[in-house]
Structure formats: structure tokens, C-alpha cells
2 protein chains.
Amino acid sequence: MSMGNNYELYKVFYWAAKTGSLSQAAKALYLTQPSVSHAIKQLEESFGVTLFYRNAKGVELTQEGAVLYSYIEQSQILIARAEEKMAALKNLESGELRIGGSDSLFKHYVLPYLEQFHEQHPGVKLHLNHGTTPEIISFLKEGRIDLGVVRMPIVDPQLQVTESFQLQDCFVAGARYAHLKDAVLPLDKLLQYPIILFSRNSRARMTITELFQSYGYSIKPEIEVGSVDLLIEFAKRGLGISYVTREFVSKELEEGSLFEVRIDVPLPPSHVGILTMSNMPLSSAASGFIELIR
Amino acid sequence: MSMGNNYELYKVFYWAAKTGSLSQAAKALYLTQPSVSHAIKQLEESFGVTLFYRNAKGVELTQEGAVLYSYIEQSQILIARAEEKMAALKNLESGELRIGGSDSLFKHYVLPYLEQFHEQHPGVKLHLNHGTTPEIISFLKEGRIDLGVVRMPIVDPQLQVTESFQLQDCFVAGARYAHLKDAVLPLDKLLQYPIILFSRNSRARMTITELFQSYGYSIKPEIEVGSVDLLIEFAKRGLGISYVTREFVSKELEEGSLFEVRIDVPLPPSHVGILTMSNMPLSSAASGFIELIR
DNA sequence: TGTTACCCATAGACATGGTCTATAGCTCCT
DNA sequence: AGGAGCTATAGACCATGTCTATGGGTAACA
């Protein structure tokens, strides 16, 4: 018989050596004693060496057997650890979840889910990567994140999109423009006021620009800011009318520091989608999180 | 599917991960690609986790797969080492050989074989334990030595005896008794000279005492010494006639510093035997050595 | 000195499951 | 568009790992 064993035999050998008894090993492995006996014999024949002394009380390692055991023991322990670890990964007791998205989506939309997820699965490490939608898509394709949270629509055959939530953008203003509180403004009226928009090429910015163009107007911001927080802050201080996602200013709307400025055309809702790579399996953590979010 | 895998699957997983290709793994393991594909799928199902991303170029570990690999790689390396080591043990490139025997037998009989064995198998460590025959037998039964080299006869059902060599005891004297060189002495004549015997309860001492008794004489040594070397030395210096093993004084007999004192009754030859435990398998080193010695 | 009770070894029957061939689908490259 | 990689799937087959039944041996104990 040649080298290149059935590794299964090592498991049997390990238990036989560990328990000092073929019968005990058989019990531990849910086998019968003859099976174990046969397995050990196979190993011995494959090595051309006797591994155990057999006596009336059980078995005992020979010199050669002891040498083999010193290696196999470590090997088996590693495998046992591996199996534990895999179970932990599957049960979300360990592992990591890497999410990409914009800061504002994280803060106002993803955060509560992340908190809940982290509470349920404290063993899973969280990695957040923020960036614009195109950046997030790159991250995904490079395998740097497991899933991305971005605004719809996204069309990319490589990406799997799960729509998960609807957001409504709107115009808001602070106390200085209190007289607009109950008005419904036509677009041209609105444009007479200073407008504050997000400066970067965000989905929302593109949407509102296109909307005004479709009605024959061109919306040009008085102020451009780089973060949603500033958008809100500037509106509060009366520097103009901000175009923001309503869900992100719900607190301000409630407490009255901001109010919505209605206009006479419908603003299309925007959808938030969860992006994953199509044809690429999800990690347990990622699929667990997506399940939670829906 | 539950935990407690066929460890054979890990071997397949290892090669798939290592080569980054199920087809390559199949080649390495002398399997077909579908077998490997099936094996990986089994592992994945057993863990409830995807281990590889499949793409047109081959496969790539997922997060979970990478975790598994970090454990399995070590485990497989250990097994590979174990298999190498076992082959080395079998081929006597490593291991150890523990022999018990009396100093004189080592020096005059075992040593040449040991030298030859060591030359052929320099990787095998040698351990020599000297002691009397009963001590050697104890060592054997305690498992402290692999084989013992002692004088026959030995009767012990637990021991396996291989007779290997015949020795002839005889009386020798030095220059001072040169006049006895060509004589053949009757026993009573011999007893008029001072006799030097080994002091301990050796097989040789018992044999000669019994021999004289069977002829109605009692042999009482003038001098008792504790080693064969002293037995030889005292005879050389003319302190008396020593009873020694002829083969141990072959050098002295040749160079003429000692000569044999013949007597008129035949001295029975004694046999050297190799003792091993019966019903206990021999180590490769031990059986290799026994094979050499015969 | 039987008797019991535990070991391990062996033989032979059986069925599981690992391996194969054949085939299809996919992606990348020319 | 065609070819050459890759992996997945389906289904057949038989090797081999597992079982039951049995035997022999040793240790403990009455």
C-alpha cells in the first residue's frame, strides 16, 4: 500500500490514541469496534509500521505511534478549532461586515439597523466605508465591501439591487421664511429665494436639476455645501431654502426649527437600494444584515 | 447536514484553495474535476457557508473560506510532515534503538554490529543500557529497551528469544604459568592453582560452578573481580587462572600475553541470545538491527 | 481454577457514497 | 463567432467503509 492516505483514518487514530482503547474510540466516533480495528490496521499497513501495542486493557502507542500522534494531535485540534470557527461564523458570533454608503445614509438610515445588528451579533466586526455612489460601486467590485447602500436607480449588470426603502426629498426653510409655511409655491416663485444644494454630484442633486429642466427652469444654488449636516444647518439659520431628504430632517420638522416649503409639482420619491455583487455569494454576516434590513 | 465531516473533504478544500482552481486540485489529487466540485459543495453545505467565489478563471476564497483555510492549511502541513516522518522512521532515517546487555557483551560482541548499523542508519539514535541478565529482562518488560543481548538459556514465556551466536568459555593464564601451556589438566590439578572468577551472579559463573559440582568438585575462586577487563588484566599479571570467554581474549591469545589452560573435561559452549518481548511488535529500528545481527 | 467480563482480530455480507463519464453553461480571449 | 478555459449538474457504477457474528486472549475475582 502506498502513501497518500485517507485522512479519515487519522481521525480514528487520534481517538484511539487519545482514549487508549479501540472500543472507546469507536464509541466516540459512533462506529463499531471492528471498524476502528480495521482502520488502524490500514494505517499501520500503509506506513509499514506498528502504531499500537495491543493488550487486554486496550492499546498503547508504540514509539512510532507516539511520533505520529505528536503530529496528528495538533492537526486534529486545528480541525476541531476550524469547525468551531465556521459554526461561529455561520451563527454570526464572529466574522465581519463591510458596508459602503454615503455619510448621510449611514447616519439617518443605516445606523439604527447597524445598532440592532451589532446588539444581536456583537461578535461581528463592522467596517463602514463612505463614498459617493460610483465610489461605492468600485469598492464593491474590488471586493473591499460586502454591500453598498445607495440611492436608486442603479443599472449595472454586475450588481444585484435590492430596493429597501423610499425617501422623499423636499425643500425646507427655517424661521426667517416662516411666511412660506402654508404656501404652495410655483417653481418660479421658489427660484426667487436663495437655494442651498448639495455640492457634489449626488443622485439628489441630479434629480432636482433634471426636474426643473423638465419644467423649463434652471435651478442654480446660491450656496453649495458638502454635507447634509451643513445643508440643514444653513437652512435653520435662514441662509436659504435647502433641498434635503425629508426623513433626514424629521427631528427638525417636529421641533419646528425647520418647516417644509411645498411646491406645486410633485417631487419624485427616491429609493434606497442595497447593492451586492451578482453571481457572488454573500458572507453570512452580509446576508444576515440584509435580512434584518428588509 | 450536520458537523463532523469527512476529513477527506479538507484535503480537497486545501488543494482547491492552494491552487485556486478546482481543476488543478483535481489533478493534484488524481481525481476528476466534478469530484472536486462535489466535495467542495459538500463542505459548503455542511457549514452552511460559501467557501469560494467561482469565476471563469477558477475559484477564490470568500471571507469564510479564508478563515477555514487558515486553520486547514496548518493542519494539512502537519499531516504532510507526519507522513514524511513515518516514512523516515520506516526507512531507518530516524528513530531510536534502545539495547540492553552486559558491558562485556557490548564491548566484544555487539559493538561491531552497532558500528555497522550506525553507519548504515546515522539518523537512528542509539541508547545502550548495561546491566545483569535479570536487570535487562526487567528493562525489557518495563519497555525501557527494545531488545536485550544476554547469555542463554533464558526461559520466560513473555520473552521472545533469538539465539544468535555461540561463545566458548575457557581458562586462561599469563606468562607466570607458562609451564601449563601444552598441558591438559584434570580438574583437581587445576584447582591447585589460584582461580579468578567473575564476582557477580553471571551466567558464566553459575555454569562453571555447576560443572565442577557435577564432577564432585567445588570451585572456589582465590580472587573475584567485577569486570571482564579485570579478569583479563589479573590473569595477564600472573595472579591466577581466569575463567573467561575465549572470544573476549582473542587479541591477548594471539599476541601471546595469555594462553589457554586446557582441562580434561569439555566445557559447554554458551550461547548469546537476543531477547525481545513476545506479543509486542518491534520498532523498525529494532527489527532492522536484529536482521543485521543474524 | 473455573467464571466472567472486558479487550482486540477476523471473516464475510451489505449498502453507502465517492468517483466516474457525459454534458451544459459561463466568461474571457483571439 | 469560435475556441479554450473554467465550474455545475445528472446519473450510473462499484469500491470501500461499515456492519454483524464470531473467536481468542488476558485480567480480575470468587
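Predicted, not measured: the structure shown is a model, and the values here were computed from it. Chain A is the first sequence line, chain B the second, and so forth, proteins listed ahead of strands; every chain is numbered from 1.
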So, Lys11(A) and Glu8(A), do they make that salt bridge, N to O below 4.0 Å? yes

Which atom names give the shortest non-hydrogen contact between Gly101(B) and Ile136(B), and what distance separates them? N-CD1, 3.2 Å

Please report the interatomic distance CD(Glu84(B)) to CG(Leu89(B)), rounded to the nearest 0.5 Å. 12.0 Å

Members of residues 53-66 of chain B that approach DNA chain C, where some heavy atom sits under 4.0 Å away: Ala56(B)

Those residues at least two apart in sequence (or on a different chain) that pass side chain to side chain donor-acceptor pair (under 3.5 Å) with Glu73(A) are none

Please check if the number of heavy atoms outside Glu291(A) that lie under 6.0 Å from its CD is greater than 12. no

Looking at five pairs on each end of the helix from dT1(C)-dA30(D) to dT30(C)-dA1(D), what is the angle between the two axes, given to 10 degrees? 30°

Looking at Leu282(B) and Asp146(B), what are the two nearest heavy atoms and their distance? CD2-O, 4.2 Å

Pair Phe165(A) + Tyr109(A): ring centers closer than 6.0 Å: yes

Find the distance His38(B):NE2 to dC6(D):P and express it as a whole number of Å. 21 Å

Would you mind reading off the distance between Ile40(B) atom CD1 and dC6(D) atom P, rounded to a whole angstrom? 16 Å

Atom pair CZ/CE of Arg151(A) and Met206(A) - distance to nearest 0.5 Å: 12.5 Å

Using 0.5 Å steps for rounding, measure from the CH2 atom of Trp15(B) to the CD1 atom of Ile40(B). 13.5 Å

If only atom types and distance count, is the side chain of Arg144(A) paired as donor or acceptor with the main-chain N or O of Arg98(A) below 3.5 Å? no

Could you check whether the rings of Tyr14(B) and Tyr69(B) sit parallel, tilted or perpendicular, using 30° and 60° as the cut-offs? parallel

Would Tyr53(A) and Val59(A) satisfy side-chain contact (heavy atoms from CB on, under 4.5 Å), going step by step from the backbone distance to the final call? CA-CA 5 Å; Tyr53(A) 299 120; Val59(A) 295; over 6 Å; no

Could you list the donor-acceptor pairs under 3.5 angstrom formed by side chains in residues 25-34 of chain B, with sequence neighbours left out?
{"from": "Thr32(B)", "atom 1": "OG1", "to": "Ser35(B)", "atom 2": "OG", "distance (Å)": "3.1"}

Give me the first and last nucleotide of DNA chain C, going 5' to 3', that has any atom under 4.0 Å from a heavy atom of chain A. dC7(C) to dT10(C)

Output the residues of residues 20-35 of chain A in contact with DNA chain D, where contact means a heavy atom of the residue under 4.0 Å from an atom of the strand; sort by number or write none. Tyr30(A), Leu31(A), Thr32(A), Pro34(A), Ser35(A)

